[in-house]
Structure formats: C-alpha cells, structure tokens
2 protein chains.
Amino acid sequence: MVLPTANVSERLYAPPSLAISTVIFSIRNGTVDQDEPGLGELWLPLVRRTRPPYVDRWALPGGPIAWDESLEDAAHRNLHETTQLRPRYLEQLYAFGAVERSPDLRVVSIVYWALVQADEAAKATEGDNVSWFAADDVPRLAFDHNEIVEYALWRLRTKVEYSTIAHNFLGETFTLAQLREVYEAVLGRRIDPANFRRQMRASKDLVATDQTVTGGKHRPPRLYRFGETEAPQTTPPSSSTL
Amino acid sequence: MVLPTANVSERLYAPPSLAISTVIFSIRNGTVDQDEPGLGELWLPLVRRTRPPYVDRWALPGGPIAWDESLEDAAHRNLHETTQLRPRYLEQLYAFGAVERSPDLRVVSIVYWALVQADEAAKATEGDNVSWFAADDVPRLAFDHNEIVEYALWRLRTKVEYSTIAHNFLGETFTLAQLREVYEAVLGRRIDPANFRRQMRASKDLVATDQTVTGGKHRPPRLYRFGETEAPQTTPPSSSTL
DNA sequence: GCAAAAGTGTTTCCCGTACACCCATGC
DNA sequence: GCATGGGTGTACGGGAAACACTTTTGC
C-alpha cells in the first residue's frame with residue numbers, strides 16, 4: 001500500500017470513516033435489434049471523480065452521512081443530488097468494509113440500491129460529470145465499485161423473481177404489457193404474456209383500475225395499479241417502499 | 001434527547017461512529033415437553049452492559065472496528081471474545097443507522113449473524129456478564145437490539161428454507177435425523193422424515209460417508225457430510241461459509 | 001376483412017406433501 | 001419375537017410452462 005501524503009499515519013490508523021453510495025437503476029428502451037426487437041435494458045448513473053484517488057474514473061454516486069440523518073435519508077438525499085430524481089424504491093444493499101478498498105483512507109461504505117421511474121430518468125440530469133450507462137456494460141470503475149454494481153444487479157434480478165418490486169420502474173398506473181416489458185428487461189428474456197398475466201393477477205396487491213388505454217391499433221389494454229397491501233417482511237422494519 | 005456531559009455538542013454533531021454487533025445462534029435440546037417432546041430451540045448469547053447507557057440491560061455482543069480489520073474479521077473477533085467460539089457460518093445482516101438509536105452518541109452498527117455448533121456452544125463461557133437466552137424469549141434489550149434479534153431470526157428462518165446453511169449447527173458429519181432436528185428447531189415444526197430425506201439427498205452438496213452410527217436400538221443411520229460445492233451466489237463475493 | 005395485441009382455456013409436467021410399507025438393529 | 005427409527009414406494013394435488021384459441025380495437 002502506498003503512503004502518499006505527510007499526515008498519512010494519522011489517517012491510516014484512525015477508525016474507519018463512514019460513507020454511503022447508491023446504485024440507481026432505471027430502464028431504457030433497448031437498442032432496436034433485428035433479431036430481438038425492443039428488449040429493454042437496465043441503466044444506471046455514474047459520476048466522474050474530480051479528486052484523487054481515481055481522478056477521472058467513473059464511480060457510484062455517494063458521500064458522507066450527516067450527523068442528523070438516517071442512512072436511508074442520506075441515500076435518498078445523495079440520489080436526489082446527483083440525478084434530481086426521487087426513487088420509487090430504495091433498499092439497503094450491503095456494507096462494504098474491506099481494509100484495502102480505498103488506497104489511503106479506511107472507508108466503510110453502506111450501499112443502497114434504488115429503482116427510479118423510466119420516463120422520469122429519461123429527462124434527468126446528464127452533465128459533464130454525471131452520465132448513464134447500460135448496467136451490463138459499465139466501464140472500469142473507481143474503488144470496488146464494479147463488484148458493488150454486480151452484486152446490486154444480482155440482487156435486483158433475484159428479487160424481481162420473488163417479489164413485486166418491478167412496478168417501481170413504472171408510474172402509478174400501467175398496463176400488464178408495460179409491466180411485462182420491465183420484467184423482460186431486468187431478466188433479459190422473453191416472458192409468455194398469458195402466463196405472466198395470470199401470475200400477476202394472482203398477486204392480489206395488483207388491482208385493476210376502470211381505465212383502459214386507447215390509441216393502439218389493437219384491443220385497448222386495461223390499466224392496473226399496485227395497492228398498498230403492506231408487503232410481507234423481506235427487509236427490516238425501517239425500510240419500505242417509499 | 002438528554003445531553004448528559006459537558007462536551008456533548010462536539011460528540012453529537014460529530015459524524016456517526018461505527019461499530020459491529022453479532023447475533024449468534026445455536027441450538028439446544030428443547031425442554032422436555034409432554035405434548036411435543038424434544039423439539040429443539042434456538043438460543044443466543046447476550047452480554048450485560050456495565051457502562052451507560054442502559055447499564056445492567058442485556059445487549060448483543062459488539063464493539064468497535066479496528067483500523068486494520070475487515071468488517072467480517074471484526075465480527076469474527078467479537079464473537080470469539082465473548083463466547084470463545086468459532087462460528088461455522090457468518091454473514092452480514094444489516095447496517096442499523098437510525099439517528100436516535102443510541103441516546104447520546106450517533107452510532108451506526110453493522111450487524112452480523114452467525115451459526116455455531118450446538119455441542120460446542122454447550123461448553124461455552126457463561127459468566128456473570130455473558131448468558132444464553134432462548135431466541136424466542138429474550139428480555140428487553142438495550143438500544144434497538146430487540147428489533148435486530150427479530151430481524152436476524154426472520155432471516156435465519158427464511159434462509160434455512162431455501163439454502164443449505166442449517167448443517168452449520170452440527171459438526172463435520174451428521175445423520176439425516178440430526179439435520180432434520182435442526183430444521184425442526186429453527187422452523188418450529190415437525191417435518192416428514194421420508195420427504196426430508198429425499199429433498200436433502202437431491203441437494204447434491206450432501207454426500208454420504210461410508211460410516212454409520214451404531215448404538216441406537218434401531219437400524220444404524222448413515223453419516224453424511226457437506227461437500228464444498230461452492231454455493232450459488234446468495235451473498236456478496238467477500239462473504240462465504242468459512 | 002385483416003393485423004395485432006388483449007385476454008381465456010387447456011394440457012402437460014414437475015415437485016412438494018401425505019402416508020403406506022419394508023429394513024436392520026437392540027433387547 | 002417386538003419396538004424403534006432408518007429408509008423406499010406411490011398416489012394425490014397445486015402451480016408453472018407451453019400453446020391453441022377467442023376478443024376487441026385501428027385501419
């Protein structure tokens with residue numbers, strides 16, 4: 001390990017300091033592929049580092065935790081500061097605390113992951129130092145952030161299969177086709193519309209509205225909404241679906 | 001919020017400090033009940049607090065993180081210091097960071113949960129300030145530790161149903177009856193021995209040894225072992241089954 | 001009418017549960 | 001032999017996957 005500056009020893013031997021980071025997922029329409037038309041893709045925002053270490057590398061949004069905000073509040077604030085967005089779902093991912101994960105300081109990062117609405121993410125900030133990347137094709141990141149992204153992706157994909165979080169990529173109401181496209185984008189494979197419909201309708205939290213969507217050149221689909229039947233505990237008490 | 005000492009403001013407005021805690025599970029033979037004979041029970045060690053806040057209350061074992069040890073190492077060390085035991089399974093549970101979870105200092109606790117071998121736990125330290133309690137009947141604890149225990153219990157019970165961690169309550173080799181008793185103790189219900197056997201044998205990580213156990217007044221059961229077929233990712237890269 | 005997606009019905013297969021039954025040991 | 005748990009066989013039922021089919025819209 002390199003010891004770059006003069007007062008290193010003070011910092012090195014100090015107790016670990018604390019930070020939060022966020023992995024923020026959204027969905028974009030897939031590149032129009034000839035073979036597999038219109039399968040959506042997961043995207044996430046990264047920030048370019050302007051200070052050492054890892055200057056100019058892309059990294060996850062993150063920062064320190066204020067003395068008077070909870071971890072979740074800090075993640076929420078951080079997410080909003082970098083993307084101007086409010087997540088529809090936010091959950092703690094993991095605390096990363098390997099000794100050598102940052103070259104000089106010892107930092108423990110508590111990482112959150114979030115889902116943001118697709119159409120809102122489309123009009124989100126994208127400046128010099130914030131940019132969105134396809135989740136399956138992120139560049140080499142600062143620190144251990146590539147591992148973190150991989151783990152968040154794994155968690156998202158697993159959780160989508162046994163829970164009902166997927167609708168958080170969409171707005172308040174949505175058609176079953178839209179919801180299915182979300183599942184297809186996250187899982188990366190086609191899903192049978194007929195069976196998908198039955199599974200979803202079995203969910204009991206999914207309630208049909210009395211509205212339909214006209215304008216398509218086919219039978220108008222019904223709009224659905226997710227009722228707030230409090231989900232069974234899959235995360236600790238403090239966390240919830242916002 | 002009470003401000004107890006002179007230099008409080010410095011501490012209150014300082015960034016959150018970091019600690020780890022551990023929820024350590026083991027299994028004890030159930031109290032011999034007439035109706036339901038011999039269903040095992042989950043037990044966990046607690047430590048009596050000797051300093052404010054919450055003097056004399058029971059609490060989870062825990063402490064600070066050294067500058068040169070990983071979170072997992074810190075949990076491991078802490079566990080060993082309080083129980084003289086080495087866990088057979090150790091996994092991060094959650095980072096608890098509500099602002100008011102400790103009355104004066106702001107502390108973020110990264111909590112690990114562990115499984116220790118039943119017969120080793122039996123001969124573990126149990127002094128004035130360390131004592132084991134039935135997991136379903138813990139007293140009122142310091143801080144938010146009751147919530148933490150509840151969440152760890154929930155996680156243990158859920159994970160036992162979809163993974164193969166349960167054998168970590170036992171030694172290297174074990175009979176299927178012993179393994180079944182572990183499941184019964186954790187889940188709190190009887191399990192059909194015939195179906196249990198088939199499910200386990202399907203696991204493919206479970207390998208039969210060529211030994212059997214004699215001495216029972218019945219057909220001698222075979223001993224099994226868990227092969228190290230690296231489990232599919234259910235925890236981040238850093239974590240593993242020790 | 002025709003295309004296209006919404007929505008329904010039906011069959012098949014797999015897997016978990018229930019439970020009857022046989023096997024090997026100690027006494 | 002008999003009791004006791006180890007271990008096997010088998011039938012039932014619910015749910016997921018595959019896919020044929022009907023419905024409702026725009027053009």
Side-chain angles (χ1 to χ4, degrees), chain A residues 29 32 36-40 157-158 160-164 166-167 170 173-225, chain B residues 29-30 32 36-40 157-158 160-164 166-167 170 173-204 206-225:
Chain A
N29 292 335
V32 181
E36 199 60 64
L39 196 60
R157 288 183 167 132
T158 345
V160 156
E161 297 208 274
Y162 69 83
S163 77
T164 57
H167 71 95
L170 302 171
T173 61
F174 45 84
T175 68
L176 288 183
Q178 290 175 320
L179 187 58
R180 178 167 48 81
E181 281 157 15
V182 168
Y183 275 81
E184 290 177 336
V186 173
L187 301 177
R189 63 159 193 269
R190 292 281 173 213
I191 297 171
D192 183 302
N195 296 328
F196 180 78
R197 147 178 291 273
R198 263 186 297 261
Q199 288 168 228
M200 287 303 112
R201 302 237 39 181
S203 276
K204 181 180 171 308
D205 291 359
L206 185 79
V207 292
T209 70
D210 50 4
Q211 301 162 6
T212 55
V213 180
T214 59
K217 41 199 252 180
H218 52 76
R219 179 170 170 176
R222 185 168 295 277
L223 282 173
Y224 293 81
R225 146 181 301 115
Chain B
N29 293 333
V32 182
E36 199 58 64
L39 198 60
R157 288 184 167 131
T158 334
V160 156
E161 297 208 272
Y162 68 83
S163 77
T164 56
H167 70 94
L170 302 171
T173 61
F174 44 84
T175 68
L176 289 182
Q178 291 175 319
L179 187 58
R180 178 168 46 82
E181 281 158 14
V182 168
Y183 276 81
E184 290 177 338
V186 173
L187 301 177
R189 64 158 192 270
R190 293 282 171 208
I191 297 172
D192 183 304
N195 296 329
F196 180 78
R197 147 177 292 274
R198 262 185 298 259
Q199 287 169 228
M200 288 303 113
R201 302 235 41 180
S203 278
K204 182 176 168 314
L206 185 77
V207 293
T209 70
D210 49 4
Q211 301 161 7
T212 55
V213 180
T214 59
K217 41 199 252 179
H218 52 77
R219 177 171 172 176
R222 185 168 295 278
L223 282 173
Y224 292 83
R225 144 180 305 113

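Chain letters run A, B, ... following the sequence lines, proteins first, then strands; residues in each count from 1.
Judged purely by atom type and a 3.5 angstrom limit, Glu161(B) has no side-chain atom pairing as donor or acceptor with the backbone of Thr158(B).
Residues Leu39(A) and Arg190(A) form a side-chain contact, since some pair of their non-hydrogen atoms from C-beta on lies under 4.5 Å apart. Side-chain contact check for His167(A) versus Val182(A): every heavy-atom pair is 4.5 Å or farther apart. Side-chain contact check for Arg157(A) versus Val160(A): every heavy-atom pair is 4.5 Å or farther apart.
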Cut-off 3.5 Å, no hydrogens considered: what does the side-chain donor-acceptor table look like for residues 211-220 of chain B, sequence neighbours left out?
none

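Within the structure, the ring pair (Phe, Tyr, Trp, His ring centres under 6.0 Å) test picks out the following pairs touching residues 175-207 of chain A (sequence neighbours left out): Tyr183(A)-Phe196(A).
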Reading nucleotides 3-12 of chain D 5' to 3', which nucleotides get B (base under 4.0 Å from a protein heavy atom), which S (sugar-phosphate only), which -? -BBBSBBB--
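The footprint of chain A on DNA chain C, defined by a heavy-atom cutoff below 4.0 Å, extends from dA4(C) to dT10(C).
Tyr224(B) meets the ring-ring contact (aromatic ring centres under 6.0 Å, His included) test with no other residue; sequence neighbours excluded. The ring-ring contact (aromatic ring centres under 6.0 Å, His included) check on Phe174(B) picks up nothing, with sequence neighbours excluded.
Within 4.0 Å of Gly215(A), counting heavy atoms only, lies no atom of the nucleic acid at all.
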